Amino acid sequence: MLLHIEKNGQGEPLLFLHTGLQTGGVDFPAQREYFQKDYQVIQPDLRGHGKSVTEDHSNFVQDSVEDLKDTMDHEKIVSAHIAGCSMGALVALAFAKRYPRYVKSLALSGILPRKPDNWNELNEEDNKQVHEIVKSEEAITYFNEIHEGDWLTLLKSTEHHDWYPFDLTGDLSDLEMPTLFLVGEESSLETKGAEVYPQMNEKIHVSVIPFAGHNVHLEQPELYNSTYELFLNNVKDS
């Protein structure tokens, strides 16, 4: 499917892929404002989010990869810098592995490099949070406002224990493009990537961001922006 996108600025295309249950229009706000001075910032609504309406969430990551390719082809984008967080990072990573020629550089945050020993317990805790969300009238109103489709089904798609693609995030050795892994120091399970990812691939750079957790781009936007800008400038000069 063709994804709804928002475009701001002029220059090389720079895609930001949003976290789960957010949209291109509401996520990465500080990055849109900062990078649109030098790049054309493109923010898609991933499938089932925002205005990219579909009821098929059965193979979300891999279907989103094809959506992104179709959308880039439709927009005549030959290649782009791509950044994503959490669910958006999973899509960005899978896309970079399947269609490397479309990716000038890759920036990832909010992903797990290894399956934690207590993964089932962690997933149960997440499921409890999901049930709290659907009880909140404020949350329901918010998600109804930003999504045109069935966001509740999408929300529940991560309830089963085997939903996370650890086979995808566990091996970055085959990435062909310059890659930046940004991780908040407070996300102990994610910071393992700062150690293991550069050992897999010399093209991978890492940055541990202080006073931040899972959503580095929201919790420390200035540090995220300056680090990502340094990375992009080095990609241009290389």
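Every heavy atom of this structure was used, including side-chain atoms; hydrogens, water molecules and symmetry mates were not. Computed from a prediction, not measured in an experiment: that's the story for all the values here.
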Is a side-chain donor or acceptor of [X] paired with a backbone partner of [Y] at a separation under 3.5 angstrom?
{"X": "S52", "Y": "H4", "result": "yes"}
{"X": "D45", "Y": "I5", "result": "no"}
{"X": "S187", "Y": "E190", "result": "no"}
{"X": "T227", "Y": "Y224", "result": "no"}
{"X": "T169", "Y": "L112", "result": "yes"}
{"X": "T179", "Y": "M177", "result": "yes"}
{"X": "N215", "Y": "H217", "result": "no"}
{"X": "N201", "Y": "L172", "result": "yes"}
{"X": "Q220", "Y": "F211", "result": "yes"}
{"X": "K97", "Y": "L168", "result": "yes"}

Less than 3.5 Å apart, any donor N or O on the side chain of [X] or [Y] sitting next to an acceptor on the other?
{"X": "H161", "Y": "E124", "answer": "yes"}
{"X": "S105", "Y": "H81", "answer": "yes"}
{"X": "N144", "Y": "T141", "answer": "no"}
{"X": "T19", "Y": "D27", "answer": "yes"}
{"X": "S58", "Y": "D56", "answer": "yes"}

Determine the minimum heavy-atom distance between [X] and [Y], stating which atoms define it.
{"X": "P198", "Y": "V206", "result": "CG-CG1, 3.5 Å"}
{"X": "L175", "Y": "K203", "result": "O-CD, 4.0 Å"}
{"X": "I111", "Y": "S86", "result": "CG2-O, 4.1 Å"}
{"X": "G84", "Y": "A89", "result": "O-CB, 3.3 Å"}
{"X": "G184", "Y": "T191", "result": "O-CG2, 3.4 Å"}

Please determine which of L14, L15, N8 meets the side-chain contact (heavy atoms from CB on, under 4.5 Å) test together with I42.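 Going through the options one by one, the only one that passes is L15.
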Using the rule that Ile, Leu, Val, Met, Phe, Trp and Tyr join whenever any side-chain heavy atoms are under 4.5 Å apart, tell me whether [X] and [Y] fall into a single cluster.
{"X": "L46", "Y": "L218", "value": "no"}
{"X": "V91", "Y": "L182", "value": "no"}
{"X": "F231", "Y": "M200", "value": "no"}
{"X": "L154", "Y": "I140", "value": "yes"}
{"X": "V61", "Y": "Y164", "value": "yes"}

Test item: [X] and [Y] side chains (from C-beta on) under 4.5 Å apart, heavy atoms:
{"X": "W151", "Y": "I146", "value": "no"}
{"X": "V216", "Y": "C85", "value": "no"}
{"X": "S109", "Y": "Y228", "value": "no"}
{"X": "V41", "Y": "Q43", "value": "yes"}
{"X": "N123", "Y": "W163", "value": "yes"}

In plain terms, say whether [X] and [Y] are close enough for a salt bridge, that is, a side-chain N and a carboxylate O under 4.0 Å apart.
{"X": "R32", "Y": "E6", "result": "no"}
{"X": "E132", "Y": "K135", "result": "yes"}
{"X": "E75", "Y": "K7", "result": "yes"}
{"X": "E12", "Y": "K104", "result": "yes"}
{"X": "E195", "Y": "K192", "result": "no"}
{"X": "R47", "Y": "D67", "result": "yes"}

Which residues satisfy the ring pair (Phe, Tyr, Trp, His ring centres under 6.0 Å) test with [X], sequence neighbours excluded?
{"X": "Y102", "value": "F95, Y99"}
{"X": "Y34", "value": "none"}
{"X": "H49", "value": "H18, F60, H147"}

I'd like to know whether Q199 forms a side-chain contact (heavy atoms from CB on, under 4.5 Å) with I204, so could you lay out the CA-CA distance, the side-chain angles of the two residues, the decisive distance to 0.1 Å, and finally the verdict. CA-CA 9 Å; Q199 296 175 3; I204 297 176; over 6 Å; no
Mind checking the [atom1]-[atom2] spacing from [X] to [Y]? Nearest 0.5 Å is all I need.
{"X": "N59", "Y": "E66", "atom1": "CG", "atom2": "CD", "result": "10.0 Å"}
{"X": "L155", "Y": "Q129", "atom1": "CG", "atom2": "CD", "result": "10.5 Å"}
{"X": "E148", "Y": "T23", "atom1": "CD", "atom2": "OG1", "result": "10.5 Å"}
{"X": "L17", "Y": "L93", "atom1": "CG", "atom2": "CG", "result": "11.5 Å"}
{"X": "F28", "Y": "Q22", "atom1": "CZ", "atom2": "CD", "result": "10.5 Å"}
{"X": "I133", "Y": "Y142", "atom1": "CD1", "atom2": "OH", "result": "11.0 Å"}

Go through E185 and I209 one step at a time and tell me if the side-chain contact (heavy atoms from CB on, under 4.5 Å) criterion holds. CA-CA 6 Å; E185 67 173 356; I209 305 296; over 6 Å; no
Heavy atoms of other groups near [X] [atom1], more than 12 under 6.0 Å:
{"X": "K69", "atom1": "NZ", "answer": "yes"}
{"X": "E33", "atom1": "CD", "answer": "no"}
{"X": "D162", "atom1": "CG", "answer": "yes"}
{"X": "E55", "atom1": "CD", "answer": "yes"}

